[in-house]
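Small disclaimer: the values here were computed from a predicted structure and weren't measured.
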Amino acid sequence: MALDYRKCAEEIAANIGGGSNVISAAHCATRLRLVIADNSKVNKAVLENIDGVKGMFESNGQLQLIIGTGTVNKVYDEFLSVTGASAASKADVKAAAASRMPLWKKILKTPGDVFVPILPAIVASGLMMGLVEALAKAIPSFAESGWFGFLDMVANTAFALLPILVAVSAARVFGGNLFLGGVIGMMMVHPALMNAWTVTPTNQPAVWNLGLFMIAQVGYQGHVIPVILAVLLMSTVEKWLHKKVPEMIDLFVTPLVTVLVTAFATFVVIGPIFSVLENWVLTGAEWLVTSTGGIGALIMGALYPWTVVMGLHHMYNVIEAGMLSGALGLNIWMPIASAANFAQFGACLAVAIKCRNGKLKSVALPSSLSASLGITEPAIFGVNFRFMKPFIAGVIGGAIGALFGSLTHLGATTYGVTGIPGLLAINNIPVYCIELLISAGVAFVVTTVIWKEEQPAPAPAAAAPAPEVAAPTFTAPKTSVIRCANGVVLQPVKGKVIPYTEIPDDTFASGVLGEGVGVEPADELVVAPFDGEISSVADSKHAVGVSANDMELLIHVGVDTVNMNGDGFTCLVKEGDKVKAGQPLIRFSRSKIRAAGYSDTVAVLLTNSDDLEGVELGAK
């Protein structure tokens, strides 16, 4: 029975508080994305059971209803008609969701937005520093060689000039000119200024006398908070000037005034005040870890997973960067994070071993392995937090492991790596291994004791299975058409690869459904582009969704072919099927598509491309 799109939209609207409670609405290939004004008016229990709604979750301030490929757009159109809401893009919805965040959460989220993009540079430098120092200790003659001097310089660059990296990233976050941000960062570590690391009670910087103001000629090496605030001011001034200055002179007046105003405010007010405040924060953090008998570390080890759940854990990067750049020169916060993350690994692994449900096991095992490498979101959100008791067990294990790390004075030469990769950056590998074993072991044992798998109700007797039909074989193409940090998408159908902007359809070409490629087919068989799971199948059999490693891929055969109602299409899979790269998904008739007057171009789109890092498009 076909879905009543109007009824589905009306029921959704009725259970979210009506159209007046909708701030913004958009859709991707499978989901209706809503930003709600008053979440207390949302009836989640009813929403999940509406005919046509296959699932529901909340993410980054958005209420997302899973409806399915080829259906969500029709429900969306009816939803706009029912509620009177205006159509919006995914970017509009993300912006609206961000604006709904409480002020405290915005403030805590900002350091993460600034630091996440520069983590690769920091991690590379930190790991290299650890390796160079380890070699120098193991081979004394190496410490006197030219190789040591060269590699030490390479390793220290990111930390020595950290304000420049922070400034450029902050300009991106605040919407300022990236190059003006770079100028502000370079200004704060200019060679004309005394290096902040060389300042001592007997070695003080000179002073510029500007009449009413005195400016100490000292740089801001190792500082991040003053840099972020300086670039925030710069971006605010720049945007204000762009609105006020006539276009004829905007090109040179706006940058000139922006840099002068920001420089003066930075060296007179922002730098002197907030560098002191930052030092207080760092001193407090070091005291919490080292001077409380480990109690502070135990508390933070327990709190860390909760900040991951709230998406605020990147705020610790400010503290870790300051520790590395300070007198201690060691990141003593990293062992706390590592203990907390590895404990979630132990809890998730216990679920994977103890559970009998095949689907849960297939999620829990790879998620636990990911957590052991420091990427805990799959384990936390996919397993531990979902059942809560394993999450609590992870909290307990993380707290005890962090206490041990503090008492044994563990520290790292970088930040951004935890778990097993942290072995390359830690100051005491054997003790660090013990910390990891304690964290994971406690979480594993507690999970095994307190968590019990819910047994599903017995299913009714099934009819005799139909005889299996052997699926046609196909050799998967070896050409990748999309690449990102999460994986590679192989070409799913033979033919000529074109940019998605050249797909003869405004919706696909605009990127509103995500970035990707088009394929002008030379064959009539669509195959799986990677190992994954079928997340959706269009009723008209012309499109499927495939997901794996947080990649959500839409393969849509032809343009407007939904109007063919399945004529000329044979779908070889169903929703929930596990597929292997190269496995046939859809057979289609190019002649029937052309006879119906439609383009047979196949759209291959990452519908969540804006949530993925390092997306590259094109055949390779």
Value rounded to 0.5 Å, distance of [atom1] in [X] from [atom2] in [Y]:
X	Y	atom1	atom2	result
Ser406	Glu435	OG	CD	10.0 Å
Asn331	Asn427	CG	CG	10.0 Å
Ile225	Ile273	CD1	CD1	13.5 Å
Asn428	His409	CG	NE2	11.0 Å
Leu403	Ser439	CG	OG	10.0 Å
Leu233	Glu238	CG	CD	11.5 Å

Side-chain touch [X]/[Y], heavy atoms, less than 4.5 angstrom:
X	Y	answer
Met194	Asn203	yes
Leu410	Ile426	yes
Val253	Leu241	no
Val227	Met188	yes
Leu232	Thr236	yes
Val276	Trp280	yes
Cys433	Ile429	yes
Val218	Leu193	no

Pair Val207-Gln217, side-chain contact (heavy atoms from CB on, under 4.5 Å): steps then yes or no: CA-CA 6 Å; Val207 174; Gln217 298 176 30; 5.6 Å; no

If you look at every heavy atom in [X] and [Y], which pair is closest and at what distance?
X	Y	result
Gly394	Ala443	CA-CB, 3.9 Å
Leu151	Phe142	CD1-CZ, 4.2 Å
Val431	Phe404	O-CE2, 3.5 Å
Gly516	Ile482	CA-CD1, 3.8 Å
Leu178	Arg172	CD2-N, 3.4 Å
Thr418	Tyr432	C-OH, 3.9 Å

Validation row, ring centre Phe267 to ring centre Phe213 under 6.0 Å: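 No, ring centres 6.0 Å or more apart.
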
Output field: ring centroids Phe391/Trp306 closer than 6.0 Å: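 Distance test on ring centres: under 6.0 Å, yes.
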
I'd like to know if the side chain of [X] reaches the main chain of [Y], judged simply by a donor and an acceptor atom lying under 3.5 Å from each other, with no hydrogens or angles considered.
X	Y	result
Ser169	Leu165	no
Ser609	Leu605	no
Lys244	Lys239	no
Ser338	Gly419	yes
Asn384	Gln344	yes
Asn177	Phe179	yes

Steps toward side-chain contact (heavy atoms from CB on, under 4.5 Å) verdict (Met187, Val259): CA-CA 10 Å; Met187 189 183 303; Val259 170; 3.9 Å; yes

Residue pairs fulfilling side-chain hydrogen bond (donor to acceptor under 3.5 Å, both in side chains) with at least one residue in residues 251-273, sequence neighbours excluded: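 For residues 251-273: Asp250-Thr254.
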
Residue Ile249 excluded, over 12 heavy atoms near CD1 under 6.0 Å: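 Yes.
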
Whether over 12 other heavy atoms sit under 6.0 Å from Gln204 CD: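 Yes - once you tally the heavy atoms of other residues, nucleotides and ligands closer than 6.0 Å, there are more than 12.
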
Steps toward side-chain contact (heavy atoms from CB on, under 4.5 Å) verdict (Glu552, Leu606): CA-CA 6 Å; Glu552 299 174 9; Leu606 275 176; 5.9 Å; no

Geometric class of the Trp147/Phe150 ring pair [parallel <30°, tilted 30-60°, perpendicular >60°]: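 Phe150 vs Trp147 ring planes: perpendicular.
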
